[in-house]
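One structure is given below, encoded as structure tokens.
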Protein chains: 2
Amino acid sequence: MKAQELHGHLDALLLAVLEQGALHGYAIIEALRARSDGNLDLPTGTIYPALRRLERAGHVASTWSTVNGRERRTYQLTDDGRRALAGERAGWREFRTTVGQFLDPAGPPPGTPA
Amino acid sequence: MKAQELHGHLDALLLAVLEQGALHGYAIIEALRARSDGNLDLPTGTIYPALRRLERAGHVASTWSTVNGRERRTYQLTDDGRRALAGERAGWREFRTTVGQFLDPAGPPPGTPA
DNA sequence: CTTCATGCGTAGCAACGCTACTTGTCAGAC
DNA sequence: GTCTGACAAGTAGCGTTGCTACGCATGAAG
């Protein structure tokens, strides 16, 4: 899929991936690819700057480690990040509903129950 | 809602609004606001350039008319635009599913049935 | 010894929507 | 008579964001 459309939702995806456990950048890329059935194949030039943004924002924290002589920077969600993720989820639901009113076939999307 | 997230989906929204009949720019803004329960309140600086993009792309065609001494530019979907809208709908569904795999609570989103 | 997977990173670009502004008519308030 | 506000169109310039295309380094495999 054209990843251009991700605009503004990438941060949420990253937080969601890290929700299930700390990962380093390279592993995040693979996790995104795996969990999306290969639909999301994001280049490093997208991920690394995004992670630094998230760190600057306080949503994630990073720690360096060396595995097999290779330097890894492992990112983990902070409490602030967890809160941010909740907000992103709410925002996503609203976005999805709003846009869905125009692009989904008629009938209320049951993804937003009650 | 933050319209920033619209990035890449605005064209689809515009095509979807025009699907139900030709409208002029100002009316499109009101239609978006109405059909989204006020969630989508887009400024003219967003709509007008977008419509010109769509026209340049051949997805819509415009005709001028004067109503009550006020100049109106009415946009209507072209056949090409109708095809584009179908594509946008497919893209939206894919996007929604992909991102939903990360941001929606577990369980298959019934918005994508079968 | 060279290639490939792993792993991090930056510089510069392009796309897109937003803010802020301008121009103009008409209706209604003052 | 004037002025405000809804209607109606438009542009210039900005900021954010993701992408392309690089560079650097290690370890394993051929």
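Note that this is a predicted model, so its numbers are computed, not measured. Reminder, nothing fancy here: chain letters follow the sequence lines and each chain counts from 1.
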- prompt: Within the structure shown, what part of the strands sits under 4.0 Å from A/G45 by heavy-atom distance: base, sugar-phosphate, or nothing?
  reply: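 The answer is base, as A/G45 lies within the cut-off (heavy atoms under 4.0 Å) of a base atom.
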
- prompt: Is B/Y48 near enough to D/dG10 that one of its side-chain N or O atoms lies under 4.0 angstrom from OP1 or OP2?
  reply: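 B/Y48 to D/dG10 OP1/OP2: no side-chain N or O under 4.0 Å.
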
- prompt: Between D/dA8 and B/H24, is there an OP1 or OP2 to side-chain N/O distance shorter than 4.0 Å?
  reply: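 B/H24 to D/dA8 OP1/OP2: side-chain N or O found under 4.0 Å.
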
Please report, rounded to the nearest Å, how far the [atom2] atom of [N] is from the [atom1] atom of [X].
X     : N      : atom1 : atom2 : result
B/Y26 : C/dC26 : OH    : P     : 16 Å
A/L14 : D/dG18 : CG    : C1'   : 12 Å
A/E30 : C/dC8  : CD    : P     : 10 Å
A/F95 : C/dG17 : CZ    : C1'   : 13 Å
A/L10 : D/dC19 : CG    : P     : 7 Å
B/I47 : D/dC7  : CD1   : P     : 16 Å
B/D41 : C/dT19 : CG    : P     : 10 Å
A/H7  : D/dG18 : NE2   : P     : 6 Å

- prompt: What residues form a ring-ring contact (aromatic ring centres under 6.0 Å, His included) with A/H24, not counting sequence neighbours?
  reply: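 Testing A/H24 for ring-ring contact (aromatic ring centres under 6.0 Å, His included), a comparison that skips the adjacent residues, returns none.
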
message: Between C/dG7 and A/T44, counting only base atoms on the nucleotide and side-chain atoms on the residue, is there a donor-acceptor pair under 3.5 Å?
response: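 Looking at the base of C/dG7, it does not pair with any donor or acceptor on the side chain of A/T44 (distance under 3.5 Å).
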
Residues which pass side chain to side chain donor-acceptor pair (under 3.5 Å) with A/S62, listed by chain and number, not counting sequence neighbours: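 In terms of side chain to side chain donor-acceptor pair (under 3.5 Å), with neighbours along the sequence ignored, A/S62 is linked to A/E55, A/R73.
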
query: Which residues satisfy the side chain to side chain donor-acceptor pair (under 3.5 Å) test with A/R82, sequence neighbours excluded?
result: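 Expected list: none.
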
Residues which pass salt bridge (charged side-chain N to carboxylate O under 4.0 Å, His left out) with A/R53, listed by chain and number, not counting sequence neighbours: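 By the salt bridge (charged side-chain N to carboxylate O under 4.0 Å, His left out) rule, A/R53 matches A/D11.
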
field: Counterpart residues, salt bridge (charged side-chain N to carboxylate O under 4.0 Å, His left out), relative to A/R89 (two or more places apart)
entry: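 Salt bridge (charged side-chain N to carboxylate O under 4.0 Å, His left out) list for A/R89, sorted by chain: A/E19.
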
task: Could you identify which residues of residues 50-78 of chain A place a heavy atom less than 4.0 Å from some atom of DNA chain D, listed by residue number, or say none?
output: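 Contacts with DNA chain D under 4.0 Å: A/R53, A/N68, A/G69, A/R70.
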
field: Option from B/L77, B/L85, B/L13, B/T78 for which side chain to side chain contact (heavy atoms under 4.5 Å, CB included) with B/L18 holds
entry: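 Result for side chain to side chain contact (heavy atoms under 4.5 Å, CB included) with B/L18: B/L77.
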
- prompt: Do the charged groups of A/D104 and B/R96 touch, with an N to O distance under 4.0 Å?
  reply: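 Yes, A/D104 and B/R96 are salt-bridged.
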
